[in-house]
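This report refers to the structure that appears directly beneath it.
It should be emphasised that the depicted structure is a prediction, and the values quoted were computed from it without experimental measurement.
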Amino acid sequence: MKYSELEKKLQEAGCSISREGKNHTIWYSPITGKSFPVGRHQTQDVPPGTYRSIMKSAGLI
(Lines give C-alpha, C1' and ligand atoms only; values in the text may rest on other atoms or scores of the structure.)
Protein backbone atom coordinates (compact mmCIF):
# COMPACT_ATOMS: atom_id res chain seq x y z
CA MET A 1 0.00 0.00 0.00
CA LYS A 2 1.26 3.45 -0.91
CA TYR A 3 1.24 6.38 1.52
CA SER A 4 -1.34 8.17 -0.64
CA GLU A 5 -3.70 5.16 -0.33
CA LEU A 6 -3.14 5.06 3.43
CA GLU A 7 -4.07 8.74 3.72
CA LYS A 8 -7.33 8.10 1.83
CA LYS A 9 -8.13 5.25 4.22
CA LEU A 10 -7.46 7.47 7.24
CA GLN A 11 -9.71 10.22 5.86
CA GLU A 12 -12.53 7.72 5.26
CA ALA A 13 -12.24 6.65 8.91
CA GLY A 14 -12.72 10.25 10.07
CA CYS A 15 -9.10 11.08 10.84
CA SER A 16 -7.87 14.55 9.96
CA ILE A 17 -4.61 16.40 9.53
CA SER A 18 -3.76 18.16 12.76
CA ARG A 19 -0.64 19.98 11.61
CA GLU A 20 2.42 19.74 9.40
CA GLY A 21 5.58 18.75 11.20
CA LYS A 22 9.10 19.21 9.87
CA ASN A 23 9.36 15.76 8.29
CA HIS A 24 5.92 14.22 8.84
CA THR A 25 2.27 15.15 8.68
CA ILE A 26 0.61 14.87 12.10
CA TRP A 27 -2.84 13.26 11.97
CA TYR A 28 -5.52 13.15 14.67
CA SER A 29 -7.90 10.24 15.26
CA PRO A 30 -11.27 10.99 16.89
CA ILE A 31 -11.62 7.26 17.63
CA THR A 32 -8.59 7.07 19.94
CA GLY A 33 -8.08 10.77 20.67
CA LYS A 34 -4.42 10.38 19.67
CA SER A 35 -2.19 12.28 17.29
CA PHE A 36 0.27 10.29 15.20
CA PRO A 37 2.83 11.00 12.46
CA VAL A 38 2.52 9.83 8.86
CA GLY A 39 5.41 10.25 6.43
CA ARG A 40 5.11 12.32 3.26
CA HIS A 41 6.42 9.63 0.90
CA GLN A 42 3.35 9.64 -1.36
CA THR A 43 4.63 7.23 -4.04
CA GLN A 44 6.51 4.82 -1.75
CA ASP A 45 5.13 1.66 -0.18
CA VAL A 46 4.40 1.80 3.55
CA PRO A 47 6.53 -0.75 5.46
CA PRO A 48 4.35 -3.39 7.21
CA GLY A 49 5.40 -2.39 10.73
CA THR A 50 4.77 1.29 10.04
CA TYR A 51 1.36 0.47 8.56
CA ARG A 52 0.35 -1.53 11.68
CA SER A 53 1.56 1.23 13.98
CA ILE A 54 -0.37 3.94 12.12
CA MET A 55 -3.54 1.85 11.93
CA LYS A 56 -3.31 1.02 15.64
CA SER A 57 -2.83 4.69 16.56
CA ALA A 58 -5.84 5.55 14.39
CA GLY A 59 -7.95 2.88 16.14
CA LEU A 60 -8.59 0.93 12.95
CA ILE A 61 -7.12 -2.38 14.17
Item to check | Residues Y28, C15; criterion side chain to side chain contact (heavy atoms under 4.5 Å, CB included); working and verdict | outcome: CA-CA 6 Å; Y28 173 77; C15 296; over 6 Å; no
Item to check | From CA spacing to verdict: side chain to side chain contact (heavy atoms under 4.5 Å, CB included), E7, I17 | outcome: CA-CA 10 Å; E7 288 183 0; I17 294 175; 5.9 Å; no
Checklist entry - Under the side chain to side chain contact (heavy atoms under 4.5 Å, CB included) criterion, do V38 and V46 qualify, and how do the steps go? => result CA-CA 10 Å; V38 176; V46 181; over 6 Å; no
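For E5, there are no side-chain hydrogen bond (donor to acceptor under 3.5 Å, both in side chains) partners two or more places apart in sequence or in a different chain. For Y3, the ring-ring contact (aromatic ring centres under 6.0 Å, His included) criterion is met by H41, not counting sequence neighbours. Listed by chain and number, the residues in a side-chain contact (heavy atoms from CB on, under 4.5 Å) with I26 are S18, R19, S35, P37 (sequence neighbours excluded). Contacts of E12 classified as salt bridge (charged side-chain N to carboxylate O under 4.0 Å, His left out), with partners at least two apart in sequence or in another chain: none. By the ring-ring contact (aromatic ring centres under 6.0 Å, His included) test, H24 is found to be paired with no residue, residues two or more places apart in sequence or in another chain being considered.
Residues L60 and I54 are not in side-chain contact: their nearest non-hydrogen atoms beyond the backbone lie 4.5 Å or more apart.
Judged as a salt bridge (charged side-chain N to carboxylate O under 4.0 Å, His left out), the pairs with a partner in residues 35-49 (not counting sequence neighbours) are, in order, K2-D45, E20-R40. Screening residues 47-61 for side chain to side chain donor-acceptor pair (under 3.5 Å), with sequence neighbours left out, gives K9-Y51.
Between A58 and L10, the shortest heavy-atom distance links the atoms CB-CD2, 3.8 Å.
The distance from the CD atom of Q42 to the OG atom of S4 is 5.5 Å, given to the nearest 0.5 Å.
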